[in-house]
Structure formats: C-alpha cells, structure tokens
Amino acid sequence: MKILVTGGTGYIGSHTVVELQQSGHEVVIVDNLSNSYASVVDQIEKITGIRPAFESFDLADPKKTLDFFDRHRDLGGVIHFAAYKAVGESMTEPLKYYHNNLSSLINILKGMQKAGVTNLVFSSSCTVYGQPDVLPVTESAPIKEAWSPYGHTKQISEKIIENTSRVNEINGILLRYFNPIGAHESALIGELPIGIPNNLVPFITQTAIGLRDKLRVFGDDYDTPDGTAIRDYIHVVDLAKAHVVAIDRMLKGKNKKQVEIFNLGTGKGFSVLDVIHSFEKVSAQKLNYEIVARRPGDVEKVWADTRFANEVLGWNAGKSLDDMMLSAWNWELALKKAKA
Ligand code: NAD
Ligand code: WQD
C-alpha cells in the first residue's frame, strides 16, 4: 500500500520509511526540511534500493496540504511524524509549537477526510504522563498537566484524533514513544540535531568526538539507585518497526477500537550513568562529564509497561542498551568521516 509519511526525512521518520519499504510498502514523504535535509532521501535509497517519492512543503499550510490529498487519492494510510519537538524552545516560543503541531494535524485530518483515507498513525510521547505515580506506566495512567507547550501539543493532538474519529471514519493508532536513541546499522541515517543537542545521547557522542567540551549530568540526588534520573531508552529501528505493525494492523482491519494507544519502550529503565557506562564500554572511549544541578522540568524516573504493545501488536523492542549506544557512536563516526 502507498503510505504518506510526514516528517519522513526526520530522525524517526527516515528509519520508518526504510522499514516500510523493506516490508513492501510504497512511500511518499512530505517534509518541509525545517529540521532535516533532502539528502536523507538519497540515504534511504542507498539502504533500500528504492527512492521514496518526496514532496517538500509546509503541512501547516491548509491549501498545500489539501491539494496534496487531492493528488493522492490512493493512500492506504498516513504516519504523521511532522512536528517541532524541542521542549525548551516550546517554553520560549509556545505559539510556534501550537501553530505548527496542531495546524499540521488538523490539515492532515481534513485532507484524509476529503480523500477518503482512513488510517492514521500518530507520534505521541511519554511526556503526556509527566511523572507517573505508578511504574512501569501503563497506557491507562492519568494524563498529568503538561509541563511544556510541546507536551501539551501531544495531549491536545491525541484528543483531536479521538474526537475526530467519533464522527469521521478515521482509525487512529497513537504511539507514545519513550526515549528513542541510536541509528540505523548502516550508519547512513541517524539523528541530526541542529545546533547544541538537548538530548542525552547526541550530547554524549558529540562530546566523545570532540564537538563538545564535556557532558553535564543533570542531578545525582534523585531517588534512584545511583542518584541519576531514569528513562526507558528504545532503539530507533525497534521503534520504526512498530509503525509498520501499526499501519498494517489498520490496513488489515485488525484494530479493536477506532483509536488505540500503545506505549513504545523496552520496559527497562536505565540511569544517566548506566547510559554513560554503556557508551564507554562499546566505544572504548572515556567520556568527560561532570555532575551538575538538576535540569528544571525533568522527571525523576519513567519507564514503560509494554505488555499491551507486546501482546496486542505482537511487537517487541529487541535491541539492548549496548546495541543502541554502539549504533549512536557509529553514526557519529560516520558524520565525522562525511565532514572530513
Ligand atoms: P525530527 O525533527 O527529526 O523530524 C520531524 C520532521 O518533521 C523534520 O524532518 C521536520 O523538517 C518535519 N516538519 C516539522 N514541521 C513540519 C511541517 N509543518 N511540515 C512539514 N514537515 C515538517 O523529529 P523526530 O525525533 O523524528 O520526531 C518525530 C515525531 O516523534 C515528532 O512528532 C516528535 O514530537 C515525536 N517524538 C519524538 C521523540 C524523540 O525523542 N525524538 C519522542 C517522542 C515523540
Ligand atoms: C534524558 C536524561 C536528563 C542531557 C525528552 C523530551 C520528551 C521526549 C524525549 C519528545 C534526563 C539527562 C540530558 C544532558 C543529562 N521527546 N541529561 N545531560 O528529557 O527524558 O525527554 O526527549 O516527545 O518529551 O522531554 O530526554 O535525552 O533530554 O534526557 O544529564 O546534557 O538525560 O536530565 O535525565 P528527556 P533527554
């Protein structure tokens, strides 16, 4: 089936396009390249031998988005990644986030309705849970007040899809990602943070390669075994594969409800120091780091209850933390080689 992948030149989108193509789907990417590069299309072609169709425009533009759906009436479904995702920036520029993330979704839903496309996979986030009261966190845990406008856009987007599906023929699968890290084993695609990375793993690899002076570990006074914060890190390729399962589930009419929600994580929590030690082991590099104060807004610990996704989707995240860190390091090395 032909699948629209919005944000398909981005980090998670590009890995998903590879998995979709390798599963026999035809892909059309829409991305305005606000946080990615057109050359990613070449890299996808190198991995899969198939060049995905690619159109560059802003999905927050209603006219262009509706025109796209007019021209693509043969879509089997949409996987919607396109959004802004920098939590810190969303605090200082909230309207930029509300406008981009919500307008794009609304335009896509209108386009789907017009073109009779019924299946939507949406990128949600564990950020909707805030600091859960019970760990591991299940899909039925309460949605806490969002700390950032970015997180709020994910909560609102989930509601927009749920409410739309009540009146329109839309099936939705909302995937709540935990912390995606790592890169494709080919080291041809991976995360390309623009400027100074906010996230832990690109900061580690950029420090080890000499682009950053040192990593600051935000807090060692949390109520965790080593005092540093715990997250559920998931390999981006495992995450990408779950999208193929999700879209196939709706294409085959196997979904049990019009909107289904799944946690995508490994179900295991690792501390910041665990991640650093895994990196040092697989890369044989000593990382320069120091402990500093907690980062405002960070939750202490969160990891997923993945049983629902494992049982219902028949999907499992198979890759270990060492696999994730090695692939992230190989990607950083490949970027350095490409620049040389
Ligand atoms: P990314 O920035 O690498 O990819 C998003 C892509 O969307 C980019 O290529 C960008 O150019 C494009 N885009 C943004 N706004 C657009 C618009 N209006 N029109 C067309 N294209 C647009 O981000 P990612 O890490 O791949 O994240 C993908 C999705 O997953 C996002 O919705 C993000 O919020 C969500 N998510 C990411 C994480 C994470 O840690 N990476 C965790 C949870 C959820
Ligand atoms: C992980 C851990 C930091 C950087 C973010 C978003 C979330 C979701 C995933 C989209 C934390 C620590 C980090 C550094 C550090 N994205 N850290 N030094 O904050 O769990 O989640 O990405 O939906 O919404 O908030 O990920 O990689 O920034 O941090 O010590 O330089 O690493 O304090 O404990 P986070 P992260």
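All values derive from a computational prediction rather than experimental measurement. Each ligand, and each atom within it, is numbered from 1 in the order the structure gives.
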Query raised in the report: So, are Glu162 and Lys257 salt-bridged, with charged N and O less than 4.0 Å apart?
Result: no
Query raised in the report: Hey, is CD on Glu290 packed in by over 12 heavy atoms from elsewhere, all under 6.0 Å?
Result: yes
Requested in this report: Sort out the contact shell of ligand 2: every protein residue with a heavy-atom distance below 4.0 Å, listed by chain and number.
Outcome: Val87, Ser125, Thr127, Tyr150, Asn179, Asn198, Asn199, Leu200, Leu215, Arg216, Val217, Phe218, Ala229, Arg231, Tyr233, Val272, Arg295, Asp298
Query raised in the report: Is Asp67 salt-bridged to Lys64, going by a charged N under 4.0 Å from an acidic O?
Result: no
Report task. Please identify each residue that fulfils ring pair (Phe, Tyr, Trp, His ring centres under 6.0 Å) with Phe81, with sequence neighbours left out. Result -> His243
Report task. Return the protein residues near ligand 1 (heavy atom under 4.0 Å from any of its atoms), ordered by chain and residue number. Result -> Gly7, Thr9, Gly10, Tyr11, Ile12, Asp31, Asn32, Leu33, Ser34, Asn35, Ser36, Phe57, Asp58, Leu59, Ala60, Phe81, Ala82, Ala83, Lys85, Asn100, Ser104, Ser123, Ser124, Ser125, Tyr150, Lys154, Tyr177, Pro180
Query raised in the report: With the threshold set at 4.0 Å, does a side-chain nitrogen-carboxylate oxygen contact exist between Asp61 and Lys63?
Result: no
Report summary line: Applying ring pair (Phe, Tyr, Trp, His ring centres under 6.0 Å) to Trp303 and not counting sequence neighbours gives none
Query raised in the report: Is there a chain of hydrophobic side chains (I, L, V, M, F, W, Y, each step under 4.5 Å between heavy atoms) that links Val87 to Phe218?
Result: no
Query raised in the report: Side-chain contact, heavy-atom cut-off 4.5 Å: Leu4 with Thr6?
Result: yes
Query - Sub-4.5 Å side-chain heavy-atom contact between Asp323 and Glu185 - result: no
